[in-house]
Amino acid sequence: MQHTSLVTTITRAASAVGALALCVSIAACGSGSPDASSSGSATASANATVPKLEGVKASGTPGEKPKIEFKKGLKIENNSAAVLQEGNGEALKGGDRICAQLTQYSAKSGEEVATTWKDNVPDCSLVYNPDNGVTNIESATLEQIANTTLKGKKLNTTIGIGVNDGSGDDNTYMLIMTPVSQSKDYTKAEGEKVKDVPADLPKVTLDASGKPSIDMNGYKGSDKLVAQTLIKGDGPKIDENTYAAVVNYTGWLLNGKQFDSSWDRGQVFDAVLGNMIKGWQEGLVGQTVGSQVLLVVPPDLGYGDKDNGEIPANSTLVFVVDILAKY
């Protein structure tokens with residue numbers, strides 16, 4: 001299995017057969033009492049109650065792949081959930097990125113469909129937001145259900161979430177989640193400044209927050225992709241199996257005109273690599289979390305001969321990208 005977001009993979013696969021129209025994100029918080037919800041109990045937020053996932057049991061050592069037991073053909077209520085096994089790690093913290101081991105089971109066959117435990121590649125797509133719990137069970141997302149179900153819990157807690165879109169037993173399944181680690185994302189590139197940057201490239205300066213500005217330095221572009229590391233981070237490497245990089249970035253045309261910036265929006269960007277222009281796909285692979293990268297993207301690896309918003313056709317694009325996390 002590729003090291004992508006399993007939740008995203010499941011969502012895409014289910015959507016292909018009309019099964020699932022839920023947001024992709026799961027998380028937890030450590031503000032509640034240790035016995036705020038007992039194993040198998042229904043869970044509630046301030047505004048809505050999540051129906052109890054019935055008939056499912058988990059056993060084994062917390063933090064290891066749990067043994068899941070349920071009867072084949074189990075009837076599952078959509079958006080149901082339950083804490084199946086209490087965790088024994090540190091309290092889950094709002095705002096942290098949660099890495100979780102995930103397993104999907106078919107309710108009809110009782111069989112395991114997919115798991116991250118096999119290759120020990122937990123899904124790290126979730127940043128927990130304790131204020132984003134379930135308010136309407138009919139329209140609840142996976143993120144909201146997990147926020148509610150894991151509230152007040154610890155690492156190594158195992159929960160189950162039931163999905164049943166009403167289209168038939170083939171599209172009814174359970175997602176079993178065990179958060180195994182948590183960490184804060186970078187807010188800007190951090191690492192060793194690269195000293196041997198070619199002198200003819202655009203010059204990048206940073207303000208106190210890390211936001212970049214650029215002097216094109218008379219640069220005329222390149223017919224090949226340039227991916228020049230400016231700050232070398234010591235985090236994990238982005239590879240061909242990375243689903244998304246979490247970044248802050250700014251983009252300019254060669255004349256120095258800025259056309260886009262996540263810094264100006266005040267919100268980091270989850271760059272799903274498969275959806276990005278080829279210049280980003282090729283330029284970010286091999287870079288490490290914590291790094292800052294200067295990308296010069298020729299037209300054939302950007303938007304080609306078509307206009308794209310403020311970007312004219314046949315434009316060379318210049319980006320400064322801070323890699324804050326990956327999943």
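Keep in mind that the numbers below use all heavy atoms, side chains included, and drop hydrogens, waters and symmetry copies.
Salt bridge annotation for Lys278-Asp300: absent, with no cationic side-chain nitrogen under 4.0 angstrom from a carboxylate oxygen.
Considering only residues two or more places apart in sequence or on other chains, Glu192 meets the salt bridge (charged side-chain N to carboxylate O under 4.0 Å, His left out) condition with none of them. Evaluation of the salt bridge (charged side-chain N to carboxylate O under 4.0 Å, His left out) rule for Asp270 yields no partner, not counting sequence neighbours. Listed by chain and residue number, Asp322 satisfy the side chain to side chain donor-acceptor pair (under 3.5 Å) test with Gln292 (two or more places apart in sequence, or in another chain). Listed by chain and residue number, Lys65 satisfy the side chain to side chain donor-acceptor pair (under 3.5 Å) test with Glu112 (two or more places apart in sequence, or in another chain).
In this structure, Met177 and Thr149 have side chains that are not in contact, with every pair of non-hydrogen atoms separated by 4.5 Å or more. Counting heavy atoms from C-beta on, the side chains of Thr158 and Ile176 come closer than 4.5 Å. Counting heavy atoms from C-beta outward, Tyr128 and Asp96 have side chains that stay 4.5 Å or more apart. Between Glu54 and Glu77, every side-chain heavy-atom pair lies at or beyond the 4.5 Å cut-off. Using a 4.5 Å heavy-atom threshold, the side chains of Trp117 and Thr178 count as touching. Between Val318 and Leu294, some side-chain heavy-atom pair lies under the 4.5 Å cut-off.
When the side chains of ILVMFWY residues are joined at heavy-atom separations under 4.5 Å, either directly or via intervening members, Val321 and Tyr303 end up in a single hydrophobic cluster.
Surrounding NZ of Lys184 are more than 12 heavy atoms belonging to other residues, nucleotides or ligands, all under 6.0 Å away. Other residues, nucleotides and ligands contribute at most 12 non-hydrogen atoms within 6.0 Å of the NZ atom of Lys306.
In this structure, the separation between CG on Leu92 and OG on Ser181 is 10.0 Å, given to the nearest 0.5 Å. Interatomic distance, OG1 of Thr115 versus CD of Gln101, reported as 7.0 Å (0.5 Å rounding). Note: Ile98 CD1 to Leu150 CG = 8.5 Å, rounded to the nearest 0.5 Å. For the atom pair OG1 (Thr103) and OH (Tyr173), the distance works out to 13.0 Å, reported to the nearest 0.5 Å. How far NZ of Lys72 is from NZ of Lys108: 10.5 Å, rounded to the nearest 0.5 Å. Taken from CG in Asn88 to CG in Asn156, the straight-line distance is 5.0 Å, to the nearest 0.5 Å.
Pairs of residues two or more places apart, or lying in two chains, that qualify as side-chain hydrogen bond (donor to acceptor under 3.5 Å, both in side chains) and include a residue from residues 215-233 are Thr229-Gln287. Note on residues 250-259: pairs passing side-chain hydrogen bond (donor to acceptor under 3.5 Å, both in side chains), not counting sequence neighbours, are Thr250-Ser261, Gln258-Asp264.
Remark: the backbone N or O of Gly63 is not paired with any side-chain donor or acceptor of Gln85 at under 3.5 angstrom. Between the side chain of Thr157 and the main chain of Lys154, a donor-acceptor pair closer than 3.5 Å is present. A donor-acceptor contact shorter than 3.5 Å links the side chain of Gln281 to the backbone of Met276. Panel note: side chain Thr116, backbone Leu102; a donor-acceptor pair is recorded below 3.5 Å.
Of the listed residues (Thr288, Asp185, Thr242), just one forms a side chain to side chain donor-acceptor pair (under 3.5 Å) with Lys326, and that residue is Thr242.
Side chain to side chain, Glu138 and Asn78 fail the donor-acceptor criterion of an N or O pair below 3.5 Å.
The aromatic rings of Tyr243 and Tyr327 lie tilted to each other, with the angle between the two planes from 30° to 60°.
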